[in-house]
Structures are given as C-alpha cells and as structure tokens.
Novice: 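Submitted below is the structure of interest, expressed as structure tokens.
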Amino acid sequence: MEGYLRDGRARLEDGYMLGWTLRPGELLRLRVAVDVALAGPDTAVDGRATLSPVHLTLTDTVGRAGPGLLRLAPGLRLDCDNSASLDVRSFDLSRSLVRAAGGVDIAAGTCRVNGVEVPLPAIRIVLEEDGDAARAVARTEDGAVLASLRVTPGRRATLRVEPAGAVLVPGMPSSAPTMLDIPF
C-alpha cells in the first residue's frame, strides 16, 4: 500500500492497482465517501462508494473490466478471455431497501470452468428495482434469460438459473430452472 488514508493506492497481483481518494466533506454527515479506481493491463474502472452505519451506496461505476481480474480471486476455477463494460449508475443497500440501476455488457468469448472449455455468448446484465429489492437479469443478445439475482433488504439473495444459463455451466442440470436462496 502507498499513500495515505485520504489518498492512496494498493498494488495487486499481475500489475493491477486499486486507488482511492477520500471525500472529507462527507465525514460531517457521519459517512465515508471514497472515489475509487481499479486499473490494470486490461482494466480501467472508476466509481464512488459511500458508507454509513446503516447504508452502502455505489454510484457511477463505469469502465472496462478485463479477463485478468478473474485470476486475482483465490481458488476460483474460472479462466475467461472476454471482457465486460460496466455502467452501474447506482447500487444502494440499507436495512429498508435495496436499489440498483445500470448494466454490464459482457463480450462473447470462451471460459474454462474446472478445465472444461465453454463458449459464452454476449451477455447483457440489467440492474433494476423490484419493489423494495434490487434485481439483476442476465440475457443473451436475442433476449433469452440466462439467470436472475434478487437481493432484498432482509439480507437474502435469490439466484435463479434458467435452463439456457445452466447449459453454460458444465455438470449443471438444465432440464428446469435451478434456484438458490442465500442469507447474508
């Protein structure tokens, strides 16, 4: 790590760097606001995070995330050659509501999952409101739904993988939707 708490950076593996700049004016409102930047050989993402005792907000998170980022996750047995364009306008998480707006476009490419090569279509993930919850829906270019994730203020995440998405995961049953409910 280099710099100071108010303005610094952390060097990550493979030439990636996470930088931050604290916005001190937000401290008067009993919250921490930080401009963040993640950069590397194939990545440039910028955004803002605001944290208070009861609320987490991410805003204006935009840029390009390359395939090398996946290699930073320890134990992840996934290696892809495609990249993603992020335009996440907002993500708000509090005790009473979860909100999200924006999207992520993932280019077509190939992933190796546990050593098995899987071709992936271009995917659009749309982030949207769903009552007091937020939902992310992943679709192919032709509109086929691959999966959806719903996050509630009651600290539950429900993942639903559709048959069209299950065929992209080696060994996953694809005869019917698969649901996973995760408390967090």
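Numbers here are sequence positions counted from 1.
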Novice: Stepwise, does the side chain to side chain donor-acceptor pair (under 3.5 Å) test hold for T21 with D35?
Specialist: CA-CA 5 Å; T21 302; D35 292 328; 5.7 Å; no
Novice: For residues S52 and R31, report the shortest heavy-atom separation together with the two atoms involved.
Specialist: CB-CB, 3.8 Å
Novice: Is it the case that one hydrophobic cluster holds both L38 and L72, taking links as side-chain heavy atoms less than 4.5 Å apart, direct or via other members?
Specialist: yes
Novice: Which atom pair, heavy atoms only, marks the closest approach of R95 to P53?
Specialist: NH2-O, 4.4 Å
Novice: Run the side chain to side chain contact (heavy atoms under 4.5 Å, CB included) test on R64 and T43 for me, step by step, so that the C-alpha distance in whole Å, both residues' side-chain angles and the decisive distance to 0.1 Å come before the verdict.
Specialist: CA-CA 5 Å; R64 181 175 184 272; T43 298; over 6 Å; no
Novice: Does E162 form a side chain to side chain contact (heavy atoms under 4.5 Å, CB included) with L146? I'd like the steps, not just the answer.
Specialist: CA-CA 5 Å; E162 301 296 335; L146 301 174; 5.9 Å; no
Novice: Are side-chain heavy atoms of L120 and T110 found at a separation under 4.5 Å?
Specialist: no
Novice: So if I apply the side chain to side chain donor-acceptor pair (under 3.5 Å) rule between R150 and each of T158, D181, D130, which one comes out positive?
Specialist: D130
Novice: For E141, does the CD atom sit with more than 12 other heavy atoms under 6.0 Å from it, leaving out its own atoms?
Specialist: no
Novice: Taking V88 as the starting point, is it possible to reach I123 by hopping between hydrophobic residues whose side chains are less than 4.5 Å apart?
Specialist: yes
Novice: Going hydrophobic residue to hydrophobic residue with side-chain gaps under 4.5 angstrom, can you get from V32 over to M1?
Specialist: yes
Novice: What verdict does the salt bridge (charged side-chain N to carboxylate O under 4.0 Å, His left out) test give for E26 and R23, after you've listed the backbone C-alpha separation in whole Å, the side-chain angles of each residue and the deciding distance to 0.1 Å?
Specialist: CA-CA 6 Å; E26 296 294 325; R23 297 179 155 267; over 6 Å; no
Novice: Keeping the roles fixed (side chain from W20, backbone from A10), state whether a donor-acceptor pair exists under 3.5 Å.
Specialist: no
Novice: Taking all non-hydrogen atoms of both residues, which atom of T140 and which atom of P121 are closest, and how far apart?
Specialist: CG2-CG, 3.8 Å
Novice: Taking it one step at a time, do T57 and D92 satisfy side chain to side chain donor-acceptor pair (under 3.5 Å)?
Specialist: CA-CA 4 Å; T57 303; D92 297 308; 3.0 Å; yes
Novice: Please tell me if the side chains of E2 and R11 come closer than 4.5 Å, counting only heavy atoms from C-beta onward.
Specialist: yes
Novice: Should L58 and V54 be regarded as members of a common hydrophobic cluster, given that ILVMFWY residues are connected when their side-chain heavy atoms come within less than 4.5 Å of each other, either directly or indirectly?
Specialist: no
Novice: Do you know the tightest heavy-atom contact between A33 and L22?
Specialist: O-CD1, 3.5 Å
Novice: Closer than 4.0 angstrom, basic N to acidic O: yes or no for R71 and D14?
Specialist: no
Novice: Does CG belonging to L180 count more than 12 external heavy atoms closer than 6.0 Å?
Specialist: yes
Novice: Could you give the distance from OG (S90) to CD (E129), rounded to the nearest 0.5 Å?
Specialist: 7.5 Å
Novice: Are P177 and P163 packed together at the side-chain level, in the sense that at least one heavy-atom pair is separated by less than 4.5 angstrom?
Specialist: yes
Novice: Hydrophobic clusters here meaning ILVMFWY residues chained together by side-chain heavy-atom distances under 4.5 Å, can you tell me if V137 and I106 are in one?
Specialist: no
Novice: For the side chain of R48 and the backbone of T59, is there at least one donor-acceptor N/O pair under 3.5 Å apart?
Specialist: no
Novice: Strictly distance-based, threshold 3.5 Å: is any side-chain N or O of D42 a donor or acceptor partner for the main-chain N or O of G68?
Specialist: yes
Novice: If I take atom CG from residue L159 and atom OG from residue S148, how far apart are they, to the nearest 0.5 angstrom?
Specialist: 7.0 Å
Novice: What closest approach, in Å, do V104 and L86 show between heavy atoms, and which atom pair accounts for it?
Specialist: CG2-CG, 4.4 Å
Novice: Within the side chain of N82, is there an N or O that forms a donor-acceptor pair under 3.5 Å with the backbone of A107?
Specialist: yes
Novice: Show the nearest heavy-atom pair for residues G40 and Y16, with the distance to one decimal.
Specialist: CA-CD2, 3.5 Å
Novice: Mind checking the CG-SG spacing from D81 to C111? Nearest 0.5 Å is all I need.
Specialist: 7.0 Å
Novice: Measure the CG-SG distance between L69 and C80 for me, rounded to the nearest 0.5 Å.
Specialist: 11.5 Å
Novice: Are there over 12 heavy-atom neighbours, none belonging to R112, within less than 6.0 Å of that residue's CZ?
Specialist: yes
Novice: Test M17 against L12 for side chain to side chain contact (heavy atoms under 4.5 Å, CB included), laying out the working first.
Specialist: CA-CA 5 Å; M17 178 104 43; L12 307 174; over 6 Å; no
Novice: Does T61 form a side chain to side chain contact (heavy atoms under 4.5 Å, CB included) with V36? I'd like the steps, not just the answer.
Specialist: CA-CA 9 Å; T61 304; V36 293; over 6 Å; no
